[in-house]
Amino acid sequence: MYQAIVFLPLVGFLVAGIFGRFIGARPSEIVTTALLVVSAALSWVAFFDVAMGEGPDVFRVQVATWMVSGGLAVDWAFRIDTLTVVMLVVVNTVSALVHLYSIGYMHEDPSRPRFFAYLSLFTFAMLMLVTSDNLVQMFFGWEGVGLASYLLIGFWYQKPSANAAAIKAFVVNRVGDFGFALGIFAVFFLFGSVQFEEIFAQIPAYAEGGEGPVLLGLSNVGALELAALLLFMGAMGKSAQFLLHTWLPDAMEGPTPVSALIHAATMVTAGVFLVARMSPLYEFTPTALTVVTYIGALTAFFAATVGLVQNDIKRVIAYSTCSQLGYMFVALGVGAYGVGIFHLFTHAFFKALLFLGAGSVIHALHHEQDLRNMGGLRRHIPFTAAMMAIGTLALTGFPFTAGYYSKDAVIEAAYASPTTAGDVAFVATVIAALFTSFYSWRLFFMAFTGAPRWAGHGDAVHASGGHDDHEGVAHGAHDQDLEPATAAPHEHHGHAHQPHESPLVMTIPLGILAVGALAAGFLFKESFVGHDWSHFWEGAIYTREGNTIMEDFHYVPAWVVWSPFVAMVIGFALAFWMYVRDKAVPARLAARHPVIYRFLLNKWYIDELYDLIFVRPAKRLGRFLWRTGDGKIIDGLGPDGVSARVLDATSWVVRLQTGYVYHYAFVMMIGVAALVTWYLVTGAR
Amino acid sequence: MLPESAVPLPVFPVPALGPALPEIVLAAGALVLVLVGAIRGERSTALVSAGAIGLMLVALALVFLAPAETQTTFFGAFVSDAFARFFKVLVLIGSIVALMMSHDHFRRLGIDRFEYPILIVLATIGMMVMVSAGDLIALYMGLELQSLAAYVIASIHRDDARSTEAGLKYFVLGALSSGLLLYGASLVYGFTGTVSFEGIQLALGTGGASTGAIFGLVFVAAGVAFKISAVPFHMWTPDVYEGAPTPVTAFFASAPKMAAMALAVRLFMDAFPTIVDEWRQIVIFISLASVILGSFAAIGQTNLKRLMAYSSIGNVGFALVGLAAGTEAGVQGVLIYMAIYLVLTLGGFACILGMRRGGVVLEDISDLAGVYKNHPGLAFCLAAVVLSLAGIPPLAGFFAKLYVFLAAVEAGLAILAVIAVVASVPGAYYYLRIVKVMYFDEPVAPYDPMPAPLGGVMVVSSVFNLIFWLVPAPLFAAALIAAQSLS
């Protein structure tokens with residue numbers, strides 16, 4: 001069964017990737033989607049079997065031996081435990097729904113087989129990552145999702161901005177991956193294995209000062225801290241944490257389903273998963289956990305502030321993702337791994353819902369993404385509006401929605417933590433909750449209420465020019481394309497002047513995700529973070545003796561429990577006031593505080609800072625090495641110089657060949673004379 | 001009754017003629033062919049040509065049938081050993097193939113004279129004497145017989161200014177080199193008291209080399225270097241190769257090169273083995289000078305025959321690397337090198353002779369443009385030849401270079417080998433340029449149909465070139481036996 005879960009998407013990738021050109025777009029879509037649906041169904045079976053049911057808690061599925069070299073032995077193997085099956089459910093469910101949704105969303109794109117192949121490739125790589133039984137296989141999946149992310153961000157490779165974003169995502173992730181790789185080396189150096197079971201078994205004894213290799217002259221705990229921090233560096237890159245977050249907003253250049261799948265629900269949570277998976281290590285590294293907490297809190301706060309002023313509908317949600325990932329790391333940092341994963345679980349539903357809803361809006365408006373050009377859409381696409389409202393409620397933590405349970409749990413865990421970092425994180429996350437509520441409702445109000453501001457309304461700007469730039473895709477094949485079987489009346493997509501509701505293939509996934517966004521928290525709260533959490537997480541998450549936070553956070557003071565709710569209400573009220581009641585307020589505020597406004601609008605100037613510190617010097621260095629190093633020195637002295645000298649020598653030699661007999665005779669006599677002289681001078685012996 | 005004071009006439013026994021049987025058969029046959037030609041006039045060219053080829057095939061058979069052991073005759077002036085037989089085979093093959101390839105060409109040019117095959121036979125006799133020479137007199141005699149015939153055939157196309165110019169240049173410079181050689185020989189005789197190689201070896205072995213003998217050695221070496229066209233005595237080569245009719249160039253590049261190289265090896269290894277340190281300096285100098293000049297000068301050429309001239313200069317330089325080693329392995333390397341070079345040269349010239357469009361003989365590299373499209377066989381053969389000359393494994397030319405370099409390294413001349421290898425790098429350029437022109441440039445019109453002998457030579461050359469790495473043993477064994485017979 002587990003082999004099927006993991007390898008069905010690979011089959012889909014191979015079918016669509018290799019034969020997509022021959023079998024056509026529609027069969028490629030159906031094959032990949034169907035395989036993903038099967039995989040998702042099997043994942044739920046596995047979830048109820050392993051996590052909820054009475055099946056074995058932790059077991060290993062060996063697939064094949066990968067490599068054996070000296071002391072290094074790496075297998076292709078699955079480690080199945082609660083953490084794995086939770087991730088399987090998240091990844092496969094969202095992936096299946098995104099596949100389905102993409103049939104509608106991408107129906108005008110000429111290279112759909114490629115798109116679905118990439119989606120399935122991504123899913124396969126992600127499944128390899130979460131099911132891995134060792135760090136190396138995990139790294140394989142880690143790089144695989146990075147590759148798929150690169151390919152999908154740059155899917156519309158005709159757009160220079162998409163290419164730039166794809167490269168940026170890849171390069172920034174490389175920074176993190178470098179740390180991850182070093183972390184794997186460190187772990188292998190310390191424990192002589194990359195297999196989780198063997199590593200985890202050795203950590204407690206080593207941390208207590210047991211025998212073991214000395215890494216860089218560090219103490220035992222120091223060595224563990226270093227390994228943990230290096231691994232966290234990888235997590236920061238993949239999960240877009242502060243300083244390595246810059247790629248995520250740009251990654252919105254990819255098609256919206258990709259943003260939903262990769263840059264909201266699954267891939268970006270790989271870092272969270274990594275830290276949770278390595279909980280037996282992090283439990284012995286308090287410093288690393290403090291760092292995790294601070295980075296998470298900072299990211300949650302930072303991304304929320306930036307989200308306040310963004311005008312691109314996808315960028316707002318992207319910063320929201322960034323911020324929510326910060327929440328998850330806060331939970332991990334204070335030792336409440338279960339809470340972090342619970343938030344990951346619920347977040348996947350409502351954030352995928354928000355992204356797919358945003359996709360539906362973009363689809364309805366023919367790829368308009370600027371919030372300032374929306375408005376009043378509630379009446380035209382009521383279903384999408386309702387779904388977005390549910391997503392927003394869940395994200396902001398409205399009582400009894402999914403976000404309410406998981407997010408409040410994070411905030412309470414931060415408060416319950418006895419450390420200073422926990423207190424800081426508590427304040428940061430509560431403020432971030434206020435901001436989250438504000439920007440989420442701001443988005444909702446700007447898009448769905450008020451007066452319409454979109455191009456098709458009243459003028460013909462859209463019909464003339466907007467349509468050709470269909471999120472950058474030339475779609476000349478539109479007329480030849482088969483319309484989706486379930487297509488709503490939208491054949492005249494390109495010519496309609498009114499926003500239209502999306503077809504069923506797109507609305508069904510929205511509905512399913514909305515159910516998840518509403519009910520996932522309520523249904524699974526007890527299992528994930530309830531009093532019986534240790535039974536649920538048996539063998540998957542390790543907590544050291546003395547780490548009682550999973551119990552403690554249930555007993556925080558009432559004001560702490562109420563604080564996120566209050567923050568949410570304030571955020572909602574502010575948004576309502578500024579974007580429904582008195583629409584002049586935002587402009588006035590921006591005018592009154594231009595510095596703050598521009599600071600936030602420009603994302604704390606971090607991109608500019610990186611440009612100054614890294615990108616430009618790197619370009620200068622590259623230019624220097626290219627022009628001077630390679631062009632002048634290597635080419636000049638090497639190929640070019642040598643060939644020029646050869647030609648000089650040639651022309652000189654050829655000029656000697658005058659054609660006059662007496663010249664030739666002269667050369668011969670010179671030769672004899674030279675040889676004779678040589679012997680006379682050297683004394684003939 | 002003889003007077004008391006009278007010195008009794010020395011009684012010379014008649015020398016054994018057996019060891020020189022191939023040469024004698026050739027000489028007698030050449031006289032018959034002259035008679036046939038004189039009686040039947042110009043119409044007899046085809047007959048004389050066939051007769052000459054048949055005659056040389058008989059000589060080849062006799063060389064093969066000769067006894068395996070070393071035989072000397074004419075009082076040590078003529079040696080028939082494995083070394084001589086090895087080179088006689090090469091010389092005869094070179095002459096036969098060159099003659100086969102020339103008939104059709106000359107007929108089209110209207111210069112198919114019966115003297116040409118006879119001159120080739122006479123030159124061949126001279127070359128065979130050269131490789132069998134046991135003293136300086138026989139050496140000179142063979143050399144002159146070959147040279148005089150060569151001067152004439154260089155200008156065989158006597159209505160063509162370039163051909164006559166080539167013949168004249170060759171003659172004047174050849175006379176000069178003969179003078180140098182003779183002067184050197186007289187010095188050597190004067191300082192050792194003998195002309196036989198064995199005697200010179202003995203004389204130098206006891207007392208060491210006097211300055212006079214070294215002088216003689218330098219002059220003799222200069223004469224020999226002229227014949228193998230080694231730098232700085234190479235100046236005639238490009239002009240003669242370009243000016244002479246192409247079949248004549250093919251002949252010059254093959255058989256006389258073999259004989260002259262054999263002469264050089266025998267001279268240095270038989271007459272002067274005891275002063276190897278002295279002559280090695282000369283050989284290293286002319287070897288490196290030849291390799292470097294051959295590589296660099298060829299780049300500037302547009303005429304294929306001139307290019308082949310510089311190529312031959314460079315290749316002689318590589319062969320001399322083996323001789324510079326002065327060891328048995330070095331000699332073996334030289335023998336292998338020359339044998340492979342012979343096959344490559346003949347193959348290359350067969351391709352050049354095949355280049356004719358509308359009756360016009362083509363000689364420029366640019367005329368090869370796109371040959372691959374119209375004449376894939378020719379293009380393949382020539383590509384194999386030039387890649388082999390550039391030393392690309394696994395073609396035969398790679399092994400030729402490999403063995404001379406190995407011998408040089410074993411003899412402690414690693415630096416020489418390294419310099420030679422480095423110097424050959426620019427050489428690869430002009431070889432590869434030919435391949436590029438043939439395979440990647442736009443084709444022009446196809447060539448005229450080629451006569452059968454050319455196709456046959458191309459096939460044999462290509463096959464040898466391609467499969468040598470599979471069956472190198474026969475050539476290696478023969479070269480080893482020949483090298484052993486020398487010392």
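Here is how names work: the chains are called A, B, and so on, in the same order as the sequence lines, proteins then strands, and each is numbered from 1.
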Peer 1: CG of A/Leu625: more than 12 outside heavy atoms within 6.0 angstrom?
Peer 2: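 Counting neighbours around CG of A/Leu625, more than 12 heavy atoms of other residues, nucleotides or ligands fall under 6.0 Å, so yes.
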Peer 1: Using the rule given for side-chain contact (heavy atoms from CB on, under 4.5 Å), can you reason through A/Met669 versus B/Leu180, listing the C-alpha separation, both sets of side-chain angles and the distance that settles it, and then say yes or no?
Peer 2: CA-CA 9 Å; A/Met669 299 315 293; B/Leu180 292 174; 4.1 Å; yes
Peer 1: Verify the neighbour count for atom CZ of A/Phe139: are there more than 12 heavy atoms of other residues, nucleotides or ligands below 6.0 Å?
Peer 2: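 Counting neighbours around CZ of A/Phe139, more than 12 heavy atoms of other residues, nucleotides or ligands fall under 6.0 Å, so yes.
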Peer 1: Any chance you could measure A/Leu680, atom CG, to B/Ile214, atom CD1, to the nearest 0.5 Å?
Peer 2: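 These two atoms lie 10.5 Å from each other.
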Peer 1: A/Val672 versus B/Phe233: any side-chain heavy-atom pair under 4.5 Å?
Peer 2: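 Yes; the side chains approach each other to less than 4.5 Å.
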Peer 1: Which atoms of A/Ile670 are under 4.5 Å from chain B, going by heavy atoms: the side chain, the backbone, both sets, or neither?
Peer 2: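 Neither part, no heavy atoms under 4.5 Å.
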Peer 1: Indicate the atoms forming the closest heavy-atom contact of A/Ala665 with B/Leu173, along with that distance.
Peer 2: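 In terms of heavy atoms, the two residues are closest at N-CD2, 3.7 Å.
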Peer 1: Is the CZ atom of A/Phe170 crowded by more than 12 outside heavy atoms at less than 6.0 Å?
Peer 2: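 Counting neighbours around CZ of A/Phe170, more than 12 heavy atoms of other residues, nucleotides or ligands fall under 6.0 Å, so yes.
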Peer 1: Can you confirm whether more than 12 heavy atoms, excluding those of A/Phe185, are under 6.0 Å from its CZ atom?
Peer 2: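 No, because the 6.0 Å sphere around CZ of A/Phe185 holds 12 heavy atoms or fewer from other groups.
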Peer 1: Could you check B/Trp236 against A/Val661 for side-chain contact (heavy atoms from CB on, under 4.5 Å), going step by step and ending with a plain yes or no?
Peer 2: CA-CA 8 Å; B/Trp236 61 277; A/Val661 171; over 6 Å; no
Peer 1: Quick one: what part of B/Tyr429 sits under 4.5 Å from any heavy atom of chain A, side chain, backbone, both or neither?
Peer 2: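 For B/Tyr429, there is no contact with chain A at all, as no heavy atom is under 4.5 Å.
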Peer 1: Using the rule given for side-chain contact (heavy atoms from CB on, under 4.5 Å), can you reason through A/Trp678 versus B/Val218, listing the C-alpha separation, both sets of side-chain angles and the distance that settles it, and then say yes or no?
Peer 2: CA-CA 10 Å; A/Trp678 167 258; B/Val218 169; over 6 Å; no
Peer 1: Would you call A/His663 and B/Met235 a side-chain contact if the rule is heavy atoms closer than 4.5 Å?
Peer 2: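 No, side chains not in contact.
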Peer 1: CH2 of A/Trp66: more than 12 outside heavy atoms within 6.0 angstrom?
Peer 2: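 Count over threshold, so yes.
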Peer 1: Under 6.0 Å from the CZ atom of A/Phe7, do we count more than 12 heavy atoms belonging to anything else shown?
Peer 2: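 Yes.
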Peer 1: Which region of B/Phe215, side chain (C-beta onward) or backbone (N, CA, C, O), has a non-hydrogen atom less than 4.5 Å from a non-hydrogen atom of chain A, or is it both or neither?
Peer 2: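 Side chain only.
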Peer 1: Hey, is the main chain of B/Ala297 close enough, under 3.5 Å, to the side chain of A/Thr650 for a donor-acceptor pair?
Peer 2: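 Not at all, since once roles are kept as given, no pair shorter than 3.5 Å links the two residues.
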Peer 1: Mark yes when over 12 heavy atoms from residues, nucleotides or ligands other than A/Phe19 sit less than 6.0 Å from its CZ; otherwise mark no.
Peer 2: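 Not more than 12 within 6.0 Å, no.
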Peer 1: Do you know which two heavy atoms are closest between A/Gly671 and B/Pro232, and how far apart they sit?
Peer 2: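 Nearest heavy atoms, A/Gly671 then B/Pro232: CA-CG, 3.7 Å.
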Peer 1: Taking side chain as C-beta onward, heavy atoms only, is B/Asp239 less than 4.5 Å from A/Gln657?
Peer 2: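 B/Asp239 reaches A/Gln657 side chain to side chain.
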Peer 1: Does any non-hydrogen side-chain atom of B/Thr211 lie less than 4.5 Å from one of A/Tyr679?
Peer 2: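 No, their side chains stay 4.5 Å or more apart.
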Peer 1: Do A/Tyr664 and B/Leu176 come close enough that some side-chain heavy atom pair is under 4.5 Å?
Peer 2: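 A/Tyr664 does not reach B/Leu176 side chain to side chain.
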Peer 1: Measure the shortest side-chain to side-chain distance between A/Met668 and B/His234 over non-hydrogen atoms and say whether it is less than 4.5 angstrom.
Peer 2: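 With C-beta onward as the side chain, the pair stays apart.
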Peer 1: With a 4.5 angstrom heavy-atom cut-off, could you sort out which part of B/Ser295 is near chain A: side chain, backbone, both or neither?
Peer 2: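 Nothing of B/Ser295, per the 4.5 Å heavy-atom cut-off to chain A.
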